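Below: one structure, written as structure tokens.
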There are 2 protein chains.
Amino acid sequence: MSHECKVETALDILVGKWKPVILFNIFQHGTLRFSELQRLIPNITKKMLTTQLRELEYHDIINRKVYPQVPPKVEYSITDYGKGLTPLLESMHEWGLSHIAHLDKIYGENNTEKSN
Amino acid sequence: MSHECKVETALDILVGKWKPVILFNIFQHGTLRFSELQRLIPNITKKMLTTQLRELEYHDIINRKVYPQVPPKVEYSITDYGKGLTPLLESMHEWGLSHIAHLDKIYGENNTEKSN
DNA sequence: TGCCATAGTATACAAAAGGATACCTAGAGG
DNA sequence: CCTCTAGGTATCCTTTTGTATACTATGGCA
């Protein structure tokens, strides 16, 4: 039947504590070096940044360009294929915005914490 | 500016090993009892089913209707608000399908495992 | 009296994800 | 020859998620 739900496949590439914010920044700036990402995302460790970038690279969402220099220079950018994510990310962002408003309506504005 | 990325908010309500398949089933069947969900989702434990359902309920995606009987009867259904998720879920499903094809093209069909 | 059913809780545990910290490389500048 | 730099690894530890298993409540039925 092939009607299997593939929502999880889409989820997979976005899940991870830092992937959305990494993508957001690369989308915004076009191209970013590793150290620029580190600056833009306070609190992220090199290890986390590396693993999340590698996962996105594996999925062909971002491109990793190494300049053979010392000290090293590595630039990350969205692949052409990765740009196809834009509509989906925008839908999710829109839905997220309105959902925050909805939760406010239900539980009140003063509920900053998630009772998840 | 309020241009903050709210993709994570959308992500939040879908993350959890079982949420997509739970939603999928309730969407398909309209209304399902706890035990019916258990049957439809082999391997899920009562505890996981309970916690995932409670999280979805907190977000007003599903409705929990308790019949005061013995033995207990509890029915779960999508709320009207929750139905607003449909377009997003469909976009994710579509993207997921084409992404699987894309990965196949890159890494070959015989790569069932994720090198995530 | 004892057993069945449903929709859970409680407890203990295993696995996965994430975090902190130290270390590595090799050339440029002092 | 010491130190700085950028972009990482390696190792160990903590937190979060998920799993397994046993237990509970209540009324109807034999």
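Bear in mind the structure is a predicted one, so any value in this text is a computation, not a measurement. Reminder, nothing fancy here: chain letters follow the sequence lines and each chain counts from 1.
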**OP:** Mind calculating the distance between CD (B:Gln52) and C1' (C:dA7) to the nearest angstrom?
**Re:** 17 Å
Subject >> Donor-acceptor pair under 3.5 Å, B:Lys47 side chain vs C:dT9 base >> reply: no
Subject >> Test side-chain contact (heavy atoms from CB on, under 4.5 Å) applied to B:Gln52 and B:Glu57, B:Lys19, B:Lys47, the passing residue >> reply: B:Lys19
Original post:
Are A:Tyr81 and B:His99 close enough that a side-chain donor and a side-chain acceptor fall under 3.5 Å?
Top reply: yes
Original post:
Counting only distance, no hydrogens or angles, is the base of D:dG18 paired donor-acceptor with the side chain of B:Lys17 under 3.5 Å?
Top reply: no
**OP:** Let me know, please, whether B:Val70 or B:Asn43 comes out on the 5' side of the other along DNA chain D by nearest nucleotide.
**Re:** B:Asn43
Original post:
Under 4.0 angstrom, heavy atoms only, what part of the nucleic acid is A:Tyr67 near: base, sugar-phosphate, or nothing?
Top reply: nothing
Original post:
How many Å lie between NZ on B:Lys19 and C1' on D:dG18, as a whole number?
Top reply: 12 Å
Original post:
Given atom CD of A:Glu36 and atom P of D:dA6, what is their separation to the nearest angstrom?
Top reply: 11 Å
Original post:
Nearest nucleotide by nearest heavy atom, which residue falls closer to the 5' end of DNA chain C, A:Gly16 or A:Pro71?
Top reply: A:Gly16
Original post:
Phosphate oxygens OP1/OP2 of D:dG7: is one of them under 4.0 Å from a side-chain N or O of A:Arg33?
Top reply: yes
Original post:
Once you round it to whole Å, what is the distance between C1' of D:dT5 and CD of A:Gln69?
Top reply: 12 Å
Subject >> From A:Ile62, A:Asn63, A:Thr31, A:Leu56, residue fulfilling side-chain contact (heavy atoms from CB on, under 4.5 Å) relative to A:Ile78 >> reply: A:Ile62
Original post:
Under 4.0 angstrom, heavy atoms only, what part of the nucleic acid is B:Lys73 near: base, sugar-phosphate, or nothing?
Top reply: sugar-phosphate
**OP:** From the options C:dA7, D:dG7, D:dT19, select the nucleotide whose nearest atom is closest to the side chain of A:Val74.
**Re:** D:dG7
